[in-house]
Structure formats: C-alpha cells, structure tokens
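Have a look at the structure below, then the notes.
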Amino acid sequence: MKLNKIGVVLLALPAIALALSFKSNFNPNENLFTYQGKSYKPGDTVYGYKSYTKLVVGDNDAPLLLGVPHDGTVVGDPEIPETGTTGRDINTLPLAFEIASNFKSATKKKPWIVINTIARKRVDPNTFPNEVDKRYTDADAKETYLSYHSLLSAARAQMAMVQKTGKGALFLDLHGQAHSYQSAQPYLSVSGKMLSSKFIDQTELGYGLSNYAISQSDEYLNRLADSSSIAAIAKAHPSVPFSELIRGPYSFGGLLEAQKVVAVPGTVIKTLEQNSALFGTDANGNAKKRPYFNGGYCTRKYGTALLGLTVGLGDNISAIKAETPGITVRNNEPIRTVAAERFCRAIISFLNKWYGYQYVIK
C-alpha cells in the first residue's frame, strides 16, 4: 500500500485508493493508528474504496476532526450514476487543509481529516441509512458511502479511545451553502471593503436541532441539550444554560463573530427571523425565514446527541456542522487564507473554553 504525506495529498487530491476495515487493537502508548492490520503515523493517508475516500491521520491526542463530504468531482470508473440533485460544496477541501495547517501551527497537533472525492450527486455521505439501499443501487456508490463512514468511524473511535481519560474533542463537518437574498445586499469582505452580493454572508452552524427550535426562546432551547450534537459539552457544564452554548458569546457562533465571521446562530443573529424583503414569500404570501441548514446525518451520528431518531455516541467528542458562504470563506485562495485563520482561532477558543485546553491563540 502506498502511504502519502499530507503535502502529496494536496497535490493529488483526486487520487485515492483501496478499501479497508477498522480493527480496534490500538496501543495508546504508541503513536500509531491501526486500520485493517496496518499501522499509520500522523500525516499518513489511509485510502478507502477504489481511490474514492481517504483519511488523513492526525495526532493521537489532536482534539479536532474535520469532515469534507461534498467537495468531490470524481465520477468513478465505471461511472457512478447520479441519484441526487444537490451540487458540490466548492472549495471546502482546500479550506479544511488550510484550517488544519493553522491548527497544527498553533497547537502542534495535526488534526484528522476524512474526505469523499466522488461528486455529491453520485454519492452523498450525509444520506440517512434508511435511504441508502433505495438510493445506491449501484455497487460502487454504496461501497463508497460505506467506506466514508468506515474511515470516519475509525478515526473517531481512535480519538475517543485516547480522549476517554482526556478532555475531549470536536468533529467539525465542513460544508458550503449558497443561500441568497431577493436582491443584492451589502457585506464586509475579508479585506475590509464594503461590497454587495445576493449570496448571504453567514456561516450556518448545525447542532442537530430543528430550524423551529433555533428560532425559539432561550427557555425553550434550554430544554433541548440532550437532542443536540453537543450534548456532552452541555453535560460537562450543567450550570451553563444550553442556550448560551448555542448563541451566547462563547458559543462557536459567538467565537466566530469575535473573529469577524457572521454566524447563525450567534449573538447577533440569534434566531431565524421572517423577512419578506430579504428572503421573499412562500406560496401563501407569508414572509420566509432566514435560510439555515441545521446539520445532517454525519453531525447527528458522530456527535453526542442522546435523543432523536439518530443518536450520537456516549463519549466526549461532540459535533458541529459549519455551512460556509463562498464570498467570505471559500471562493478563492486569498479569502480562504483569511477565513481559515479566523476559523482556527474560533476553534481553539472553543476548545479552550468548553474542553479545558490551554492552547495559545495566534
């Protein structure tokens, strides 16, 4: 098996190979990750089914796992048929690598990164299990889906084993959204200029809570901690109202805001307001709410939710989904460079505040 370093990965993102299965014979005293009887060091790449999925191995005690399920462009060989209609989350993969590079520089810990390279219309790792057999009748599509989850599960299991007596870790599922206004609106570019765009400048943070729940009062939200993908964080801080974890100044949204990233929910945009001028009207003439993605299957499955149709895992690795805008986070390299620094500082602040780490924020 060919083992590539992360630098090689950056030069050959589409090329990924070989189906593997996880075996939990990890020795916590060794700096190795074991998968299908083979050992990997931090920075190595474990390849999934037919070059279509891969896992970049992080440091054993790195408290960050990044997921990139929707930036793929590969069609497969033979070609995997399209069974979906939603397009690619463009540039979320280079964004993930840029965040990982900043995180390694600041903390000396290399994050884990799990990647799907097949185009989203052909294979979507966020597909719920009860839809898999119906959607993926093509064998390669189903095996790719299963491979992504095998690698993600393996990485998370490794982290959970190390963090069992540790502080815990965060799974950040990276996505891209293209929500738009009725007409162009002003926004502040990463260079500090006022520009305008129909695309909505907001990073939507999903915790597995419904759009309805996000729009309710703090009192209502405070009752939903166990239904969220960050239930373990709430459990570790019982004196903190859960609403503070979702839209307080030290929520992930609040910490992103401190880095000049517009976040929903956060301290500024706490709920999904109705506004016909900005978001239009529905078929009945009612004002539409601010658009928002609340987190898909991966966020729910690989977080710590205790309640709901999809529950997480009973450990200290919580999950947040980040749906990022192109105009201030992903669109080109200069934008990503600034955005990745901002995201990294927010992630470290979040880990320091709620997990008890003491990383220096650069």
Side-chain angles (χ1 to χ4, degrees), residues 66-73 84-96 98-99 115-116 119-121 124-128 171-190 195-215 229 246-247 251-253 255-257 259-266 268-275 278-280 282 288-300 303 319-332 335-336 338-340 342-343 346-347:
L66 300 172
V68 190
H70 293 158
D71 197 11
T73 59
T85 59
T86 308
R88 174 185 169 202
D89 289 353
I90 299 172
N91 290 334
T92 49
L93 185 53
L95 174 65
E98 191 74 22
I99 291 172
I115 301 158
N116 169 42
R120 182 182 187 178
K121 292 181 180 180
D124 183 353
N126 249 341
T127 304
F128 281 85
F171 168 45
L172 186 63
D173 202 21
L174 285 173
H175 295 258
Q177 56 84 6
H179 287 140
S180 60
Y181 293 112
Q182 288 291 100
S183 59
Q185 300 295 319
Y187 75 96
L188 186 66
S189 73
V190 296
L195 303 175
S196 67
S197 174
K198 286 192 69 173
F199 291 112
I200 302 178
D201 176 24
Q202 61 181 34
T203 292
E204 300 160 19
L205 303 175
Y207 301 93
L209 301 173
S210 69
N211 293 35
Y212 174 83
I214 291 295
S215 297
S229 58
I246 298 298
R247 53 195 182 206
S251 66
F252 191 53
L255 293 169
L256 281 172
E257 287 173 344
Q259 298 300 327
K260 300 181 180 179
V261 176
V262 179
V264 180
V268 177
I269 306 174
K270 291 176 175 286
T271 62
L272 309 179
E273 80 279 16
Q274 290 180 289
N275 189 315
L278 290 180
F279 311 122
D282 61 22
K288 288 184 179 180
K289 284 185 176 182
R290 177 179 292 274
Y292 166 77
F293 290 130
N294 61 8
Y297 173 65
C298 292
T299 305
R300 292 175 169 89
I320 300 174
K321 181 181 184 181
E323 292 274 359
T324 60
I327 54 177
T328 56
V329 179
R330 295 180 286 109
N331 273 356
N332 55 48
I335 287 174
R336 289 194 301 273
V338 175
R342 293 173 173 180
F343 267 74
I347 290 167

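Residue numbers start at 1 and run along the sequence shown. Please read all numbers here as calculations on a predicted model, not as lab measurements.
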Open item on the list: Set out, in order, the CA-CA distance, both residues' side-chain angles and the distance that settles side-chain contact (heavy atoms from CB on, under 4.5 Å) for Val264 and Arg290, then state yes or no.
Closed with: CA-CA 10 Å; Val264 180; Arg290 177 179 292 274; 4.2 Å; yes
Is the shortest heavy-atom distance from the side chain of [X] to the side chain of [Y] under 4.5 Å?
{"X": "Thr86", "Y": "Asp124", "answer": "no"}
{"X": "Val261", "Y": "Thr328", "answer": "no"}
{"X": "Tyr292", "Y": "Pro265", "answer": "yes"}
{"X": "His70", "Y": "Asn126", "answer": "yes"}
{"X": "Gln177", "Y": "Pro325", "answer": "yes"}
{"X": "Asn294", "Y": "Ile214", "answer": "no"}
{"X": "Leu174", "Y": "Ile99", "answer": "yes"}
{"X": "Phe343", "Y": "Leu95", "answer": "no"}

Which heavy atom of [X] sits nearest a heavy atom of [Y], and at what distance?
{"X": "Gly176", "Y": "Thr92", "answer": "N-CG2, 3.8 Å"}
{"X": "His175", "Y": "Pro69", "answer": "CE1-CG, 3.5 Å"}
{"X": "Glu98", "Y": "Ala340", "answer": "CG-CB, 3.1 Å"}
{"X": "Asp89", "Y": "Arg330", "answer": "C-NH1, 4.3 Å"}
{"X": "Phe252", "Y": "Ile320", "answer": "CB-CD1, 4.0 Å"}
{"X": "Ser215", "Y": "Lys289", "answer": "OG-NZ, 3.7 Å"}

Could you tell me the separation between the [atom1] atom of [X] and the [atom2] atom of [Y], rounded to the nearest 0.5 Å?
{"X": "Ile335", "Y": "Asn91", "atom1": "CD1", "atom2": "CG", "answer": "9.5 Å"}
{"X": "Arg342", "Y": "Lys260", "atom1": "CZ", "atom2": "NZ", "answer": "6.0 Å"}
{"X": "Gln202", "Y": "Glu323", "atom1": "CD", "atom2": "CD", "answer": "10.0 Å"}
{"X": "Arg247", "Y": "Tyr207", "atom1": "CZ", "atom2": "OH", "answer": "11.0 Å"}
{"X": "Phe171", "Y": "Ser229", "atom1": "CZ", "atom2": "OG", "answer": "10.0 Å"}
{"X": "Gln182", "Y": "Lys198", "atom1": "CD", "atom2": "NZ", "answer": "7.0 Å"}

Open item on the list: Donor-acceptor check, side chain of Arg120 to backbone of Gly87, threshold 3.5 angstrom: yes or no?
Closed with: yes
- [ ] Without swapping roles, check the side chain of Asp71 against the backbone of Leu93 for a donor-acceptor pair under 3.5 Å.
- [x] yes
TODO: Verify whether the ring centers belonging to Phe293 and His179 lie closer than 6.0 Å.
DONE: yes
Open item on the list: Taking CZ in Phe199 as the centre, count heavy atoms belonging to other residues, nucleotides or ligands within less than 6.0 Å. Is the count above 12?
Closed with: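 Atom CZ in Phe199 is not crowded, with 12 or fewer foreign heavy atoms closer than 6.0 Å.
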